[in-house]
2 protein chains.
Amino acid sequence: MQTSSMKNRILVVDDEPDVLDLVTYNLGQAGFQTDTAADGAEALRKARSNTPDLILLDLMLPEMDGLEVCKLLRRDAKTSAIPIIMLTARASEIDRIVGLELGAADYVPKPFSPRELVLRVKKRLEQSNSAAPGHAYSFGPLQVDVSRHLVTVRGRRVDLTATEFKLLVMLLQRIGHVQSRDQLLRDVWEYETNIDTRTVDTHIRRLREKLGVAAKYLDTVRGVGYRFSPEMP
Amino acid sequence: MQTSSMKNRILVVDDEPDVLDLVTYNLGQAGFQTDTAADGAEALRKARSNTPDLILLDLMLPEMDGLEVCKLLRRDAKTSAIPIIMLTARASEIDRIVGLELGAADYVPKPFSPRELVLRVKKRLEQSNSAAPGHAYSFGPLQVDVSRHLVTVRGRRVDLTATEFKLLVMLLQRIGHVQSRDQLLRDVWEYETNIDTRTVDTHIRRLREKLGVAAKYLDTVRGVGYRFSPEMP
DNA sequence: CGGCCGTGTGACGATTCTGTTACAGTTTGG
DNA sequence: CCAAACTGTAACAGAATCGTCACACGGCCG
């Protein structure tokens with residue numbers, strides 16, 4: 001979809017106008033398109049609606065902690081694939097580890113040189129633009145772009161909910177392999193307890209409905225689970 | 001439900017009898033074999049001598065701290081490869097990070113739901129078992145891929161029910177060896193009582209029917225049981 | 001040769017599993 | 001703040017699967 005020659009869009013989240021200006025200026029000089037947010041709520045909203053290619057996130061934010069924002073971004077299917085680089089004044093090890101565990105891609109301690117920041121951003125974007133595993137799937141008439149949260153069947157766009165999308169990706173990650181309802185619950189619902197395995201069935205059904213002609217490749221293996229299969233039924 | 005035909009053995013380390021009962025009961029229900037230890041010393045000893053497939057370790061232990069036990073388990077060559085899942089009442093980030101740094105594979109905060117615990121255990125064990133042998137079988141015109149739940153005879157796909165599939169895999173796991181009906185009942189039906197041995201005959205028959213030309217390798221040994229045999233009848 | 005034991009075969013309820021629909025509780029977006 | 005969308009459950013019907021039985025067949029023994 002998007003070639004590397006196109007401008008990458010970066011969302012910068014910080015509450016200090018000075019930092020914001022410094023960062024956006026330097027990123028602009030380096031050829032990036034920037035958007036800004038001053039607090040966590042705004043960041044979440046813009047991340048969802050604009051789907052930037054990368055997010056620069058300050059740890060210190062009013063109201064909501066940067067780590068909290070990070071966690072929420074990771075949880076939302078629409079934004080979970082966007083790489084996040086953290087900015088922080090507190091350069092303690094704990095912060096770093098916690099940040100990375102929560103899904104941040106990298107970490108830049110303040111004060112940072114604009115040059116270093118741009119380098120890190122470039123490096124991270126190159127990683128994304130090169131075919132990272134799990135970046136995009138193509139299977140029969142079905143195409144899935146994970147980072148754009150986009151699914152097409154025979155070129156026609158299909159709108160999936162966050163859960164449906166995750167479920168689809170999980171199945172596509174191991175094409176041909178049967179995955180039990182328990183397995184899918186674990187991977188898609190991530191240990192959320194007290195969820196019935198029958199719930200998987202319902203979401204499979206909704207998925208099939210939306211996938212149309214591509215649904216015939218989504219097999220039920222009775223007594224075992226579900227799978228995508230290239231074989232004819 | 002079943003991840004592999006082999007029962008995984010799990011060592012549960014906790015000093016509270018109630019927790020111990022709860023955990024072992026649920027793991028047993030899920031088809032795991034459990035062993036218990038009430039303190040760090042016992043845990044280390046049993047881990048060394050029994051080499052369980054996974055260790056569930058409570059952070060709070062009398063005398064020796066769970067973290068200390070974890071560290072020692074990691075240091076010992078005999079136990080260093082065994083995955084450890086930590087249980088802890090203190091859900092603080094620090095505990096988690098320290099635990100993971102010391103080599104724990106995962107972490108379950110108390111109070112946990114039995115369901116979540118079992119899911120995490122299964123996930124971890126699947127990771128260990130995924131590279132295990134017995135993933136696929138090939139025998140004459142017969143090919144079986146366990147994780148794809150796919151059987152072909154001379155390249156033609158054959159649809160088996162879950163029970164038939166298990167039965168076939170059991171027989172293929174010991175090619176040439178006769179397996180009694182009782183043995184097959186135990187392995188395929190997993191200790192479900194009150195099942196007639198003649199039931200095996202019926203499933204063998206259905207299996208033969210579906211296997212077509214490959215069925216001639218599935219021998220009846222009169223008065224003993226069944227086996228797959230490369231010999232000609 | 002004939003009876004007995006073990007096995008193959010077909011049929012038949014009973015059970016389990018899945019697809020589908022409907023609905024209530026939440027969340028999202030305007 | 002309301003409407004729409006999303007999500008998890010419950011309920012039900014149809015279908016697939018399962019376990020058992022009765023009977024037929026065929027070897028093995030005397």
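Every chain is numbered from 1 and lettered A, B, ... according to where its sequence line falls, protein lines coming before strand lines.
Of the candidate nucleotides D:dT20, D:dC6, C:dT7, D:dT20 has the atom lying nearest to any side-chain atom of B:Thr202. Listed nucleotides: D:dC18, C:dT7, C:dT18. Nearest to the side chain of B:Arg222: C:dT7. Listed nucleotides: D:dT9, D:dC18, C:dT7. Nearest to the side chain of B:His203: D:dC18. With C:dT7, D:dG8, D:dT20 as the candidates, the nucleotide lying closest to the side chain of B:Thr220 is C:dT7. If you check D:dC21, C:dT9, C:dT18 against the side chain of B:Asp196, the one that comes closest is D:dC21.
Rounding to whole angstrom units, CG of residue A:Asp201 and C1' of D:dT7 are separated by 15 Å. The CG atom of A:Asp219 sits 13 Å away from the P atom of C:dT18 (whole-angstrom rounding). Rounding to whole angstrom units, CG of residue B:Leu207 and P of C:dT7 are separated by 17 Å. Between B:Leu185 atom CG and D:dC18 atom P the separation is 14 Å, expressed in whole Å. Taking atom OH of B:Tyr226 as the reference point, atom C1' of C:dT7 lies 6 Å away to the nearest angstrom. In this structure, A:Arg198 places its CZ atom 13 Å from P of D:dC12, rounding to the nearest Å. Across the protein-nucleic acid pair, A:Trp189 atom CH2 and D:dG8 atom P stand 6 Å apart, rounded to whole Å. Taking atom CZ of A:Arg208 as the reference point, atom C1' of C:dT20 lies 12 Å away to the nearest angstrom.
Taking 4.0 Å as the cut-off between side-chain N and carboxylate O, A:Glu164 and A:Lys210 count as a salt-bridged pair.
Nucleic acid contact for A:Ile204: none, since no nucleic acid atom lies under 4.0 Å from a heavy atom of the residue. If you check every strand for non-hydrogen atoms under 4.0 Å, A:Thr199 touches a base.
In plain terms, the two heavy atoms of A:Trp189 and A:Leu184 that are nearest each other are CE3-O, 3.7 Å.
The base of D:dG19 sits within donor-acceptor range of the side chain of B:Arg206, with an N or O pair under 3.5 Å.
Panel note: side chain B:Gln183, backbone B:Gln179; no donor-acceptor pair is recorded below 3.5 Å. A donor-acceptor pair under 3.5 Å is absent between the side-chain atoms of A:Asp35 and the main chain of A:Leu11, judged by distance alone. With A:Asp219 contributing its side chain and A:Val221 its backbone, the two residues share no donor-acceptor pair below 3.5 Å.
Dashed line: the shortest gap from a side-chain N or O of A:Arg181 to OP1 or OP2 of C:dT18 is under 4.0 Å.
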